[in-house]
Asker: 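Supplied in structure tokens, the structure appears directly below.
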Protein chains: 2
Amino acid sequence: MQLHRDDVVDGAIAILDQYGLADLTMRRLAGALRVQPGALYWHFPNKQALLGAVADRILAPMERPVAAGDWSGALTELAHRLRDCLLTYRDGAELVSATYASRLTTSTGRERLAGTVVRAGIPREQAELAAYTLLYYVLGHTVDEQSRMQMDSAGALTDPPAESTGPLAESPDPTARFDFGLQLFTAGIRHRLGSDVR
Amino acid sequence: MQLHRDDVVDGAIAILDQYGLADLTMRRLAGALRVQPGALYWHFPNKQALLGAVADRILAPMERPVAAGDWSGALTELAHRLRDCLLTYRDGAELVSATYASRLTTSTGRERLAGTVVRAGIPREQAELAAYTLLYYVLGHTVDEQSRMQMDSAGALTDPPAESTGPLAESPDPTARFDFGLQLFTAGIRHRLGSDVR
DNA sequence: ACCTGAACACCGTTCAAGT
DNA sequence: ACCTGAACACCGTTCAAGT
């Protein structure tokens, strides 16, 4: 049985989702694929490249077209879809955020965000900056949200009726909290459209 | 010569700044302090705790009072100061962002940001959310900015007259780019003050 | 072309034992 | 109280050699 590039990514995703990013090692992955660690290096030059391919897989749904017509609807849809991608697998947000340090530049999600902001009427250069701003927010929020989820599902067993873990514990819906920052962002864009935009 | 907790943090900061986060290992740090690796575990329970102490050191200037009187000035000042803290040492942004996954909740910088937003006239719960939003932006932006700086100073020797590295290469001043996102944020806050705030 | 076997140069952490 | 010595259980990566 030949091992293909996609099989390696499949195996990596499986380990990621079941055991988390810390357990996603080349040796463990090789073991799961019933192969020697060195074999992986025929398919990928190094671990970083493998993680990049995993990140691409996680973000694949970002390619699909958006339904919303107006720019603010499209922006909201893209931001939510990005968050959904990151939340699909355990430690997905952390992996993408760690792996896309510089890779963000070529990310297709970033381009589409920027294009949508341009459509709103913001000059190209500023739209690029706005896209980054939104991206930083979505990544930061989702990494935080996901790590809290995992802390909760671990702590729920050891610490059942804990009062509150911090100033965010009382906020009800994670999605509502996400939307708050999103609305702050779109309001900021709208304000730039109102004022002198040049 | 007795080794104290602060000496360990000093040594860690020195290695971080000279060789980067990847080279900040317990063994290397022990070597620099002329001590066995195990000795560090008398002063800190594990590496994570050590990195937390390093992060606290990096963020120490956040405690100083702010000069600006109005809320938007104070917000801008705090955001800039946070960025400055992160840029002071090599890989500072990456270390803080990696180490403060859950530690953000108790961070003093976050509290002060939230307090400032409350002063603007936003209800407490929303102000907390806004503070997180700003924090995610500053961290994301600065990690990106700092990693680009290091890629440039490494690539400048191997790749002198490269055309452009991406859609951000033409933007002139990193500080101006930082301010753009910051203004987007404050405009968003201001918009919430204008509308029904409850 | 694709993989094995085996090594190289590291990690973080623990812990009896020393002083 | 503070540290050494030495081990344990891992890492990512390389590379001759096999098929």
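Below, read A as the first sequence line, B as the second, and so on, with proteins coming before strands; counting in each chain starts at 1. Side-chain atoms are counted along with the backbone in the values below, which use heavy atoms only and exclude waters and symmetry mates.
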Asker: Just jot down the ring-ring contact (aromatic ring centres under 6.0 Å, His included) partners of B:Tyr89, sequence neighbours excluded, or say none.
Answerer: none
Asker: Tell me, what's DNA chain D's dot-bracket, Watson-Crick or G-U with both distances under 3.5 Å, | for other-strand, [ ] crossing?
Answerer: ||.|||||...|||||.||
Asker: Find the distance B:Arg34:CZ to D:dT4:P and express it as a whole number of Å.
Answerer: 12 Å
Asker: Could you note down all residue pairs passing side-chain hydrogen bond (donor to acceptor under 3.5 Å, both in side chains) where residues 114-124 of chain B supplies at least one of them, sequence neighbours left out?
Answerer: B:Arg124-B:Glu128
Asker: Whole-Å distance between C:dG12 P and B:Trp42 CH2?
Answerer: 21 Å
Asker: List the residues meeting ring-ring contact (aromatic ring centres under 6.0 Å, His included) with A:Phe178, not counting sequence neighbours, and say none if there are none.
Answerer: A:His80, A:Tyr137, A:His141
Asker: Please identify each residue that fulfils ring-ring contact (aromatic ring centres under 6.0 Å, His included) with B:Phe185, with sequence neighbours left out.
Answerer: none
Asker: Not counting sequence neighbours, which residues clear side chain to side chain contact (heavy atoms under 4.5 Å, CB included) with B:Ala39? List them please.
Answerer: B:Val35
Asker: Tell me: CD of A:Gln36 to P of C:dA6, nearest whole Å?
Answerer: 9 Å
Asker: Looking at A:Asp152 and A:Arg148, is any side-chain nitrogen of the basic one under 4.0 Å from a carboxylate oxygen of the acidic one?
Answerer: no
Asker: Is B:Asp173 paired with B:Arg177 through a side-chain N to carboxylate O contact shorter than 4.0 Å?
Answerer: no
Asker: Not counting sequence neighbours, which residues clear side chain to side chain contact (heavy atoms under 4.5 Å, CB included) with A:Asn46? List them please.
Answerer: A:Gln48, A:Ala49
Asker: Can you tell me the distance, in whole Å, between the CG atom of B:Leu50 and the P atom of C:dG12?
Answerer: 10 Å
Asker: Quick test of your reading: applying salt bridge (charged side-chain N to carboxylate O under 4.0 Å, His left out), list the pairs with at least one residue in residues 86-97 of chain A, sequence neighbours left out, ordered by first then second residue.
Answerer: none
Asker: Listing request: all side-chain hydrogen bond (donor to acceptor under 3.5 Å, both in side chains) pairs with a residue in residues 1-21 of chain A, at least two apart in sequence or in separate chains.
Answerer: A:Asp10-A:Arg57
Asker: Under 4.0 Å from any atom of DNA chain C, heavy atoms only: list the residues of residues 3-31 of chain A that qualify, in numerical order.
Answerer: A:Leu3, A:Arg27
Asker: Which value, in whole Å, describes the distance between the P atoms of nucleotides D:dA9 and C:dC10?
Answerer: 22 Å
Asker: Just to confirm, is there a sub-4.0 Å distance from OP1 or OP2 of C:dC3 to any side-chain nitrogen or oxygen of A:Gln2?
Answerer: yes
Asker: Starting from C1' on C:dT13, measure out to CG on B:Leu40 and report it in whole angstrom.
Answerer: 11 Å
Asker: Please list, chain by chain and in numerical order, all residues satisfying side chain to side chain contact (heavy atoms under 4.5 Å, CB included) with B:Gln36, sequence neighbours excluded.
Answerer: none
Asker: Looking at B:His43, I'd like to know whether one of its side-chain N or O atoms comes within less than 4.0 Å of OP1 or OP2 on D:dA1.
Answerer: no
Asker: Would you give a per-nucleotide map of nucleotides 14-19 of chain C, 5' to 3', where B means the base has a protein non-hydrogen atom under 4.0 Å away, S means only the sugar-phosphate does, and - means neither?
Answerer: B-----
